[in-house]
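Input: a single structure, listed below in structure tokens.
Values reported hereafter were calculated over all heavy atoms of this structure, with side chains retained and with hydrogens, waters and symmetry mates removed. Chain letters run A, B, ... following the sequence lines, proteins first, then strands; residues in each count from 1.
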Number of protein chains: 2
Amino acid sequence: MVRQHRTGYILRAMDMTRRDIHSLDIPVLCKSCEVRHKGMCGALPPEDLQYLSRQTRQIEQPAGTELVGESTDVGAYDNVMCGVVKLSKTLEDGRQQIIGLQFAPDLVGRLYASESPMTAEAASDVTVCRVPKATLERLIERNPSLRKRLMDQALRELDEARDWMVTLGRKTAAEKVASLLLLIATHLDPDAPGEARVFDLPISRLDIADYLGLTIETVSRQFSRLKSDGIITITANRHIEIVNLERLAKRCG
Amino acid sequence: MVRQHRTGYILRAMDMTRRDIHSLDIPVLCKSCEVRHKGMCGALPPEDLQYLSRQTRQIEQPAGTELVGESTDVGAYDNVMCGVVKLSKTLEDGRQQIIGLQFAPDLVGRLYASESPMTAEAASDVTVCRVPKATLERLIERNPSLRKRLMDQALRELDEARDWMVTLGRKTAAEKVASLLLLIATHLDPDAPGEARVFDLPISRLDIADYLGLTIETVSRQFSRLKSDGIITITANRHIEIVNLERLAKRCG
DNA sequence: GCGCTGCCTTGATCAAGATCAAGCCGGATG
DNA sequence: CATCCGGCTTGATCTTGATCAAGGCAGCGC
């Protein structure tokens, strides 16, 4: 499934026309996604953009593919184009915790570390642009705006991780599930402001449980309660409509 | 209480002598701390170091002092010299979660944000060097090594936050308490490699509970169990000796 | 000395969420 | 079509940690 993107304002922000983009001889497959990739890399000058494009491969990964394993060497960064990537850690006895979800246009991969401190896995079908480690680091070196952008992503992820620590440590199961629904509603479509009211859950119940520090049974029961309380509707297991956004937000603690 | 610091290797790393440091006319009060402040700021050239020193005030804060409030404007960053600063968030109904502890020589304060996303509070008596926001940002602007250092701190804090999410989401109370003891043992003395075996807990039982997402009663019971199992000894409520480090580590899950 | 306060511990009981178990549903496969 | 399988839901029961309650202990002011 290829999602539609509204790209006009990104082009304007970059002071480029669509023709400029296409003239760069970029080996991308997914036309609707290519602009986002460059959006991520911000105001790179044309020569850097060309260099980046030559080094980049766009890859479609089915749900469940492991992008980077915990404690394995990282050879490349993945720029998320469509879909959701989950970051997780596993204790020795198999208990798993998802420690972050990444949406377009996040960059997957721990900068400046030779070993990934966590597993990155496609939670839904995803499309990524894969940039070799050396390429990106070289671009960072000579490109202040890219550097700033990555610093901003790191700080934003830190804020999000700390927000989620409150959810994990202090919220009830009902509040956790409500918080997750709002999180997904706000992140799913980066082009739309505010929360989506209708969307498909990009991740399984097990992933939700692992993100919230709960069991799938508890997650399922909380969904059922939200449904019977008339706050959401669920069809085909994954398709959510938020009927009463206000009451959902109130349940977030 | 002023802790003793071994400073020789820091000076060597900076290619400076103690005389160089003292010649800079730095308005610091705590002689044993000033070197650490510069350690944080890395290889700043002498003129930047002088500029920084002129703009900096060293402050002693008793335990409980609020350094920055949640959602308040931030006018300055605090460089931790001695003691422990806790970062926390509070839900509307008062539930609190500590989302990070900062030890020397961490820099307290969210870069590039006008409003602090969290509360920063002295968990123990602390000494900080307070740097005005504009000063630090100006130094970052023209100083690649400082920039890199702050990026590294942000990424390290992100790693730590994500590690802690596993603790919050998936560990039992016993594992949480064991993990905390190890965390404190490894962070308390930044000059010593490995874990301290004997130390004073720098934070109260309530703070521990708020960091672990537990209640004080549960924390207290877990301490009692570690004691009766012969893994630690506790005297005067705060003074800890780790008798059996291996078994403690095994309890971390 | 006495009582007060803040911080911590311990015990009894309760409830949220985990665990165990069964069954449902939709899609794939023969 | 029947069967299977993975993902999800629902119910019954159990366990962990929360809650409620009481008391210990060190420091401090009178």
Establish, with yes or no, whether the OP1 or OP2 oxygen of dT10(D) is under 4.0 angstrom from a side-chain nitrogen or oxygen of Arg221(A). no

Write down the distance between CZ (Arg95(B)) and C1' (dA16(C)), rounded to a whole number of angstrom. 13 Å

For Arg205(B) and dT10(C), give me the distance from atom CZ to atom C1', rounded to whole Å. 14 Å

Quick check: on DNA chain D, is the nucleotide nearest Asn237(A) upstream (toward 5') of the one nearest Arg170(A), or the reverse? Name the residue that is more 5'. Asn237(A)

If every non-hydrogen atom of Val166(B) is compared with every non-hydrogen atom of Gln97(A), which pair is closest and at what distance? CA-CG, 3.9 Å

Rounded to the Å, how far apart are Asp210(A) CG and dA18(C) C1'? 14 Å

When Lys171(A) and Glu217(A) are each assigned the nearest nucleotide of DNA chain C, the 5'-most assignment goes to Lys171(A)

Hey, which of Glu157(A), Lys86(A), His187(A) is the one that makes side chain to side chain donor-acceptor pair (under 3.5 Å) with Gln102(A)? Glu157(A)

In whole angstroms, how far is the P atom of dG17(C) from the CD atom of Glu175(A)? 9 Å

In whole angstroms, how far is the C1' atom of dC24(C) from the CD1 atom of Ile234(A)? 15 Å

Could you say whether Thr172(B) or Ser224(A) is positioned toward the 5' end of DNA chain D, judged by the nucleotide with the nearest heavy atom to each? Ser224(A)

When the distance from CD1 of Ile240(A) to C1' of dC8(D) is rounded to whole Å, what number comes out? 13 Å

Can you tell me how far P of dA21(D) sits from CD1 of Ile216(B), to the nearest Å? 15 Å

dA18(D) phosphate, OP1 or OP2: any side-chain N/O from Thr215(B) under 4.0 angstrom? yes

Any Thr218(B) side-chain nitrogen or oxygen under 4.0 Å from OP1 or OP2 of dG17(D): no

Arg205(A) charged N/C atom sitting above Phe223(A) aromatic ring, 6.0 Å / 45°: yes

First encountered from the 5' end of DNA chain C, between Ala173(A) and Val219(B): Val219(B)

Indicate whether the side chain of Thr119(A) and that of Lys89(A) have a donor and an acceptor atom separated by less than 3.5 Å. no

When you check the phosphate oxygens OP1 and OP2 of dG7(D), does a side-chain N or O of Arg238(A) lie under 4.0 Å from one of them? no

Leu206(A) CG - dT9(D) C1' separation (whole Å): 15 Å

Closest heavy-atom pair, Ser124(B) versus Val84(B), reported as atoms and distance to 0.1 Å, is OG-N, 3.0 Å

